[in-house]
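What follows is a set of notes on a single structure, which appears directly below.
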Amino acid sequence: MSSGVTGAVALRWVWSNVWRLWFSAAVLVLWWVLSADSTSTFFPPLQRILERLHALWIVGDARSELWSSLGHFAVGYTVAGVVGVGVGALLWKFRRIGDAVSPVLYFVYVIPTAALLPAIVAIMGIGSAMKITIIVLAAVWPTMLNTLDGMRGVDPLKLDTAKVLHMSALRTVRTVVVPAAMPQVMAGLRHSLQVAVIMMVVSELIASQSGIGFFILEAQQRFAITEMWTGIIVLALVGSVLTVVFIAVERVVLAWYIGARAVERKG
Amino acid sequence: MSADSGRVGARWSSIAARTAVVVAVLAGWEYLSASGSLDASSFPSMTDTMAELARQLVSADLWTALWHTVRGWATGLAIGASLAVLVGTLLGLNRFAYLSVIPVVEFLKTVPVIAILPLAIVVWGATLQMKVFLVAFGVFWPLTIQVIYGVRAVDPVVRDTAVVLRLRGVRRFVGVTLPSAAPFIATGLRVAAAVGLILTIIAELIGGAKGLGLSILTTVNAGPQRLPATYALILVTGVAGVVVTSAFARLERRVLHWHESQRNLAPTGV
């Protein structure tokens with residue numbers, strides 16, 4: 001394959017994906033033009049928003065709000081993921097206990113976590129512990145329930161085969177349970193990620209002195225609408241970047257899974 | 001016969017075990033507050049909470065708050081879902097529109113809905129519109145993507161048959177597109193309904209619109225002696241969550257049941 005041909009292929013690939021962005025670009029241009037001499041308090045010109053965004057978030061010190069938020073998010077999401085997968089696996093392994101506790105778990109699961117927020121603030125105060133607790137309490141469920149579901153989908157025949165072959169528990173988990181349950185575990189982790197981002201912000205909207213949620217709400221209360229918009233845009237970008245990073249990780253993890261499957265088929 | 005009675009026995013022992021766990025949790029809660037392990041000023045006892053719940057259930061305040069919450073949730077969900085079905089169908093039927101618009105939809109889907117809440121609060125204040133907007137906005141993007149997938153997942157054989165039969169316009173939409181998209185929409189709706197309830201509570205809690213969220217906040221601000229009311233209201237939101245989730249899960253099961261029967265028929269037809 002000559003480099004010229006590869007170049008042409010790459011160019012066609014780029015083009016076939018890039019032309020689709022015309023609509024996104026059109027939306028932005030439309031926003032820019034329509035808001036250019038907007039006198040509405042709520043919808044300031046996009047140009048001014050971007051200028052403030054540059055001044056505050058890129059050269060300014062508003063970034064520290066973001067780091068504080070992301071710190072809580074990282075801890076909360078990690079704990080939620082580990083606990084979710086762990087408890088989900090235990091509930092699958094010990095079926096009868098899982099069945100017995102299911103009504104209680106289900107009830108805690110359906111309580112909108114936001115409703116617990118004032119109570120948790122009353123118990124834990126307004127520090128980092130409260131924020132992380134809120135994130136964990138809300139984000140643990142999608143991972144836990146999807147892990148449980150994914151493991152329930154493991155082919156019983158394969159488990160029996162593993163038993164007949166006297167495979168060790170660890171090996172059974174690695175070769176039978178994980179490959180079968182992984183796609184759904186990842187789906188759960190992805191949903192948990194979105195929940196965790198939302199709860200990260202919500203935890204900062206009540207009785208908080210830091211974080212991007214606090215920044216947005218505080219700007220709104222000062223009626224500094226342009227600054228509020230910069231916070232909204234930064235938060236939107238953070239949400240999408242986290243999702244994109246997750247999708248990239250998911251591709252790597254599931255590529256391993258797909259690769260393992262291909263090897264299995266060949267071998 | 002014996003296998004049957006065995007299954008019934010297993011069913012009863014499952015129900016007994018579940019009941020035992022519920023009772024144990026409630027008793028454990030009561031024991032912990034009675035023994036002083038749970039600080040009475042931040043966590044009320046189970047019996048106090050239940051007594052308060054019973055009192056609340058006959059008071060008009062609780063039902064008014066519940067009504068405000070349900071109204072905001074249902075209106076927002078209805079608006080968001082109708083728009084999603086409309087927009088999703090249009091985008092799903094046209095490849096060019098789909099490819100152009102999907103990056104914007106995918107981006108907005110990843111935006112944490114909560115980012116828009118302060119904007120809604122400055123524009124509408126602590127009102128029903130603010131709640132409805134937040135719920136409609138929150139459920140619109142994920143549901144639109146579900147509808148697009150559903151519309152695009154029409155079985156090629158069914159689609160070709162519709163072309164041969166010259167089905168067009170409304171008849172094609174109702175007879176071909178909608179049935180194929182229905183399972184996707186049902187799943188999307190179940191998730192949207194739960195998310196919508198959470199957003200309603202958040203909007204009330206932070207935006208100050210009337211409803212269960214605001215009632216919870218009011219009881220917390222009223223001091224420790226109102227704590228049983230806080231937890232009673234949390235239990236009520238939990239029950240609301242159970243009702244919403246199980247209602248939509250039941251709806252989905254009905255739709256999916258039909259869908260699976262369709263899918264099982266397809267291979268024999270080919």
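Here is how names work: the chains are called A, B, and so on, in the same order as the sequence lines, proteins then strands, and each is numbered from 1. Because the structure is predicted, anything quoted here is derived from the model rather than measured.
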Taking side chain as C-beta onward, heavy atoms only, is [X] less than 4.5 Å from [Y]?
X        : Y        : value
B:Leu117 : B:Met130 : yes
B:Ser215 : B:Asp61  : no
A:Arg63  : A:Ile58  : no
B:Val132 : B:Trp124 : no

Could you have a look at B:Val111, B:Ile114, B:Val122, B:Ile198 and say which one has the most heavy-atom pairs with chain A under 4.5 angstrom?
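Heavy-atom pair counts peak at B:Val122.
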For each of B:Ile121, B:Val244, B:Ile116, tally heavy-atom pairs with chain A at distances under 4.5 Å, and name the one with the top tally.
B:Ile121
Tell me whether the centres of the aromatic rings in B:Trp67 and B:Trp73 are closer together than 6.0 Å.
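No: the rings miss the under 6.0 Å criterion.
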Is the centre of the A:Tyr106 ring less than 6.0 Å from the centre of the A:Trp141 ring?
no
Strictly less than 4.5 Å between heavy atoms, which residues of residues 236-246 of chain A line up against chain B? Please order them by number.
A:Ala236, A:Leu237, A:Gly239, A:Ser240, A:Thr243
Which residues, numbered in order, of residues 90-99 of chain A come under 4.5 angstrom of chain B by heavy-atom distance?
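If one takes a 4.5 Å heavy-atom cut-off, the residues of residues 90-99 of chain A near chain B are A:Arg96, A:Asp99.
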Leading residue by heavy atom contact count with chain B [cutoff under 4.5 Å; candidates A:Ile232, A:Ile225, A:Ile198, A:Val110]
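Looking at each of A:Ile232, A:Ile225, A:Ile198, A:Val110 in turn, A:Val110 comes out on top.
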Between A:Lys131 and A:Glu204, is the closest basic N to carboxylate O distance under 4.0 Å?
no
Presence of salt bridge, B:Glu204 and B:Lys210, under 4.0 angstrom
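No salt bridge links B:Lys210 with B:Glu204.
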Take the angle between the ring planes of A:Trp22 and B:Phe96 and call it parallel below 30°, perpendicular above 60°, tilted in between.
parallel
Under a 4.5 Å heavy-atom cut-off, does chain A meet the side chain of B:Ile206, its backbone, both or neither?
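Side chain of B:Ile206 only, per the 4.5 Å heavy-atom cut-off to chain A.
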